[in-house]
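Everything numeric here is computed off the predicted structure, so don't read it as measured data.
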Amino acid sequence: MLQIKRVTETDISDLAAIAKATFYHTYSYSKTEEVITKYINDNFSIDVIKEKIANENIQFYFAMENDKIVGYIQINQSVAQTDLKDEDNLEIERLYVNHEEKGKGIGRFLCESMVPIGQSLGKEYIWLGVWDENEKAIAFYKKIGYIPFGEHPFYFENTVENDILLKRVL
C-alpha cells in the first residue's frame, strides 16, 4: 500500500539518491553525459537539498511502499515558485517515480496527495511545467485533471527548452 511521507533533514541522503537516479533515467537519452552530470551535480547535491528543505516555502514528499521509497514530489509556494510566485497557488516543481515502479499509479498517488495539502494551505490551484516534448507526461497530467494555461522557458544547462504550464483547480 502506498503512503506519503514528508521529507525531513534526516532524509536528505535518500532524497539526493532518488533525485539523481530518476532525473538521470528520465533525461539521459536526450542529453550528453557531461550535460546530465553537471545538471545533477548542480541541482541534487546534499548542500542544495539541505538549502531547499530549510526553506519554509519548499516541501518534499516521498511515496513509500513497504518502507521503500518509490517516488518523490517537490512542491513550492510563494516566492519559491519557479515562475508565477502567486500566493494563491502551489507549484509542483518535481515529480519522479523510480523507473522500475512506473505504471503502478505512483505518480497519480503523489499528485492526488498534494490536493488536500494545497487545500489546507488555502490555495486555489496547483500548477506545474512539463517539457513540451514529453508527450506521455502531458497526457498523464491532462488525464488527472490538469489543463494547459501557458508556457515558460526551462533552462537546461546550455539550452533553453519550452515547458507547457498545466494547472488543476482545487
Side-chain angles (χ1 to χ4, degrees), residues 7 12 15-63 71-99 101-103 106-108 110-111 114 117-118 121 123-170:
V7 175
I12 289 173
L15 180 57
I18 191 172
K20 290 174 182 179
T22 55
F23 192 89
Y24 182 85
H25 192 272
T26 301
Y27 294 105
S28 62
Y29 78 93
S30 67
K31 303 292 178 196
T32 66
E33 186 74 23
E34 178 184 354
V35 167
I36 286 287
T37 300
K38 181 174 180 349
Y39 186 89
I40 287 172
N41 291 339
D42 289 349
N43 290 277
F44 304 121
S45 70
I46 296 292
D47 289 339
V48 169
I49 291 174
K50 275 184 187 176
E51 186 177 313
K52 287 186 176 194
I53 286 178
N55 185 329
E56 65 184 14
N57 291 309
I58 299 174
Q59 297 173 10
F60 292 91
Y61 294 87
F62 287 140
Y72 83 98
I73 193 166
Q74 175 186 342
I75 57 173
N76 304 329
Q77 56 181 329
S78 189
V79 297
Q81 295 180 73
T82 59
D83 202 2
L84 303 181
K85 302 185 189 327
D86 183 345
E87 294 295 330
D88 295 330
N89 63 58
L90 189 67
E91 175 192 23
I92 296 175
E93 183 177 353
R94 299 192 190 283
L95 169 68
Y96 290 94
V97 174
N98 287 343
H99 173 67
E101 305 293 338
K102 288 189 176 179
I106 296 166
R108 175 184 285 259
L110 283 165
C111 284
M114 296 306 104
I117 291 171
L121 294 169
K123 304 303 180 186
E124 293 179 14
Y125 62 92
I126 299 174
W127 72 276
L128 52 87
V130 180
W131 184 29
D132 65 359
E133 293 184 28
N134 192 342
E135 293 175 13
K136 189 174 181 181
I138 293 166
F140 163 75
Y141 289 116
K142 286 180 177 179
K143 183 178 177 181
I144 63 169
Y146 284 79
I147 56 171
F149 73 99
E151 298 180 353
H152 75 175
F154 178 76
Y155 301 95
F156 197 114
E157 294 309 317
N158 57 350
T159 61
V160 179
E161 297 176 355
N162 190 52
D163 275 2
I164 295 175
L165 302 181
L166 299 114
K167 70 178 177 180
R168 178 175 174 179
V169 176
L170 297 176

Between [X] and [Y], which heavy-atom pair has the shortest distance, and what is it?
X      : Y      : result
Leu165 : Gly129 : CD2-CA, 3.9 Å
Val97  : Gly107 : CG2-N, 3.8 Å
Thr26  : Thr22  : OG1-O, 2.7 Å
Val130 : Ala137 : CG1-CB, 3.7 Å
Ala16  : Ile46  : CB-CD1, 3.8 Å

Contact between Ile117 and Gln59 at the side-chain level, heavy atoms closer than 4.5 Å - yes or no?
yes
Can you find a pair of side-chain heavy atoms, one from Thr159 and one from Lys31, that are under 4.5 Å apart?
yes
Trace of the side-chain contact (heavy atoms from CB on, under 4.5 Å) decision for Asn43 with Phe23
CA-CA 10 Å; Asn43 290 277; Phe23 192 89; over 6 Å; no
For the pair Leu170 and Leu90, evaluate side-chain contact (heavy atoms from CB on, under 4.5 Å) and give the outcome as yes or no after the intermediate values.
CA-CA 10 Å; Leu170 297 176; Leu90 189 67; 5.9 Å; no
Between Glu91 and Asn89, is any side-chain donor less than 3.5 angstrom from a side-chain acceptor?
no
Mind telling me whether Tyr39 and Phe44 have parallel, tilted or perpendicular rings, with 30° and 60° as the class edges?
perpendicular
What's the verdict on side-chain contact (heavy atoms from CB on, under 4.5 Å) for Tyr61 and Met114, showing C-alpha distance, side-chain angles and the deciding distance?
CA-CA 9 Å; Tyr61 294 87; Met114 296 306 104; 3.8 Å; yes
So which pairs with a foot in residues 138-152 pass side chain to side chain donor-acceptor pair (under 3.5 Å), sequence neighbours left out?
Asp83-His152, Glu151-Asn162, His152-Asp163
Salt bridge (Lys or Arg N to Asp or Glu O under 4.0 Å) pairs touching residues 41-54, sequence neighbours excluded, are Lys38-Asp42
Could you walk me through whether Lys167 and Ile147 pass the side-chain contact (heavy atoms from CB on, under 4.5 Å) test, one step at a time?
CA-CA 5 Å; Lys167 70 178 177 180; Ile147 56 171; 4.2 Å; yes
Answer yes or no: is there a donor N or O on one side and an acceptor on the other, between the side chain of Lys85 and the main chain of Gln81, under 3.5 Å?
yes
